[in-house]
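Order of the sequence lines sets the chain letters (A, B, ...), proteins ahead of strands, with each chain counted from 1.
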2 protein chains.
Amino acid sequence: MECRNAQGEEHKREMMAVQDSMDVLNGKWKIPIISSICYYKQRRFSDVLNDVDGISNKMLSKELKELEVNKLIRRIVLDTQPVTVLYELTEHGKTLQTIINNLTEWGIKHRKEIVGR
Amino acid sequence: MECRNAQGEEHKREMMAVQDSMDVLNGKWKIPIISSICYYKQRRFSDVLNDVDGISNKMLSKELKELEVNKLIRRIVLDTQPVTVLYELTEHGKTLQTIINNLTEWGIKHRKEIVGR
DNA sequence: CCGTATCCCCGGGGATACTG
DNA sequence: CAGTATCCCCGGGGATACGG
C-alpha cells in the first residue's frame, strides 16, 4: 500500500476530511456507544450506560447529543409513563460500519505486531 | 451495510480491537504527523513541526515517541554536525493507509451529509 | 426513567527557556 | 538541529444531587 500522491491543495483537502472523521469518532466513548446501539438495533439510555464500561451519565448524555447532531443516531421518544427513549443508528450512521470493520481488522494485526505473533 | 452479528465474547474481542486501533490514532496530532511523514517519505523533526499546524515541540516529541513504540515509524539518526534525525514509516505503519483512505472517503461523505450536499 | 446542574479536581498540554 | 525541563493554567470529565 502506497501513500496517495495528491499534491498541494488536494492533499490538504484530504487531510481535512480525515480530521472531520476523527473529530466525529474521537474520545473514549463514541465507538463503544455506536457499537452498543448497533448491536442491539435499538437501545435505551440506561442500557447504553450499562453496556459502555465506566462511562458517566453526564458523558453519555453529551456524547449521544454529539452523535445525534452528526446524524449518526436517531433519538426516539415513546410517551410511556415514565418516558422511554430509544436510540438507533441512522442510515448514515450505518455507513460507519466499513470503518469500524477496518479498525477491527487493523487492531488485530497491530496487536500481533506489538505483543508478538 | 449491516452490523456484524458476532455474539458475546467475540463481540467484546472485536470491540477491544477497535479500541486498540483508536488508542494508536487518537488525539489531534497522530494522523497529521503520519500523513506528513508518509507524504514526504522521510521527514525531519523540525519539518514535521512546520507541517503540522499548531503543534508544540513537546507534543511532537511525545507523539513521535508513541508512534515509534507502536512500530508505525522508524527513527533514523545521521551523525552529521549537528545531528540530523529522519523519521519514516515502517511497513506496519504503511498498512494504516487503508484506514486513512477510508477515513478520507467517509469524511467527505459526512461533510456532504451535515453541511448539505 | 432520562437526563441536567453543580461542584471540584487533576493532568494534558501550551509557552518558554535550556542542553547536547 | 533535536529534543528536554519547568512552570502554570484551564477545561474535560467524575461524583453527586436534583428536576421533569
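- Between the P atom of C:dG14 and the CD1 atom of B:Ile55 lies a distance of 8 Å, rounded to the nearest Å.
- With rounding to whole Å, B:Lys28 atom NZ is found 11 Å from C:dG14 atom C1'.
- An OP1 or OP2 oxygen of D:dC1 is reached within less than 4.0 angstrom by no side-chain nitrogen or oxygen of B:Thr84.
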All N/O pairs under 3.5 Å across the protein-nucleotides 10-13 of chain D interface:
unit_1, atom_1, unit_2, atom_2, d
D:dG13, OP2, A:Lys62, NZ, 3.3

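- In terms of modelled atom types and a separation under 3.5 Å, the side chain of B:Thr90 and the main chain of B:Lys71 share a donor-acceptor contact.
- One side chain, B:His11 or A:Ser35, offers a donor N or O that lies under 3.5 Å from an acceptor on the other.
- Distance CG (A:Asp47) to P (C:dG3): 12 Å, rounded to an integer number of Å.
- For the pair A:Ile33 CD1 and C:dG3 P, the computed distance is 12 Å after rounding to whole Å.
- The only member of B:Lys94, B:Lys41, B:Arg74, B:Arg75 that meets side chain to side chain donor-acceptor pair (under 3.5 Å) when paired with B:Glu88 is B:Arg74.
- B:Val85 and B:Leu64 fall within the same hydrophobic cluster, defined by Ile, Leu, Val, Met, Phe, Trp and Tyr side-chain heavy atoms under 4.5 Å apart, directly or through other members.
- Residue A:Ser46 places at least one side-chain N or O closer than 4.0 Å to OP1 or OP2 of C:dC2.
- For the pair B:Leu86 CG and D:dA2 P, the computed distance is 8 Å after rounding to whole Å.
- One atom, CG of A:Leu60, and another, C1' of C:dC2, lie 10 Å apart when rounded to the nearest Å.
- Comparing atom distances between the A:Asn57 side chain and each of D:dT16, D:dG3, C:dC2 picks out D:dT16 as nearest.
- Hydrophobic cluster membership differs between A:Ile99 and A:Ile108, with clusters built from Ile, Leu, Val, Met, Phe, Trp and Tyr side chains linked at under 4.5 angstrom.
- Under 4.0 Å is where a charged nitrogen must lie from a carboxylate oxygen, and between A:Lys65 and A:Glu68 no such pair does.
- Within residues 63-80 of chain A, the residues that have a heavy atom under 4.0 Å from DNA chain C are, in order of number, A:Lys65, A:Arg75.
- Residue B:Ser61 has no polar side-chain atom (N or O) positioned under 4.0 Å from OP1 or OP2 of D:dA2.
- By the criterion of side-chain heavy atoms lying less than 4.5 angstrom apart, applied directly or through intervening Ile, Leu, Val, Met, Phe, Trp or Tyr residues, A:Ile55 is grouped together with A:Ile34 in one hydrophobic cluster.
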Working for side chain to side chain contact (heavy atoms under 4.5 Å, CB included), residues B:Leu103 and B:Ile31: CA-CA 11 Å; B:Leu103 289 170; B:Ile31 290 184; 4.0 Å; yes
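- Comparing A:Gly54 and A:Val83 along DNA chain D, the residue whose closest nucleotide (by nearest heavy atom) sits nearer the 5' end is A:Gly54.
- When the side chains of ILVMFWY residues are joined at heavy-atom separations under 4.5 Å, either directly or via intervening members, A:Val77 and A:Ile37 end up in a single hydrophobic cluster.
- A rotation axis mapping the C1' atoms of four pairs onto the next four is fitted at both ends of the helix from C:dC1-D:dG20 to C:dG20-D:dC1 over five pairs, and the angle between these axes is 50° to 10 degrees.
- Using a distance-only test at 3.5 Å, with no hydrogens or angles considered, no donor-acceptor pair links the side chain of B:Ser61 to the main chain of B:Asn57.
- A donor-acceptor distance shorter than 3.5 angstrom exists from the side chain of A:Thr104 to the backbone of A:Ile100, with no hydrogens or angles considered.
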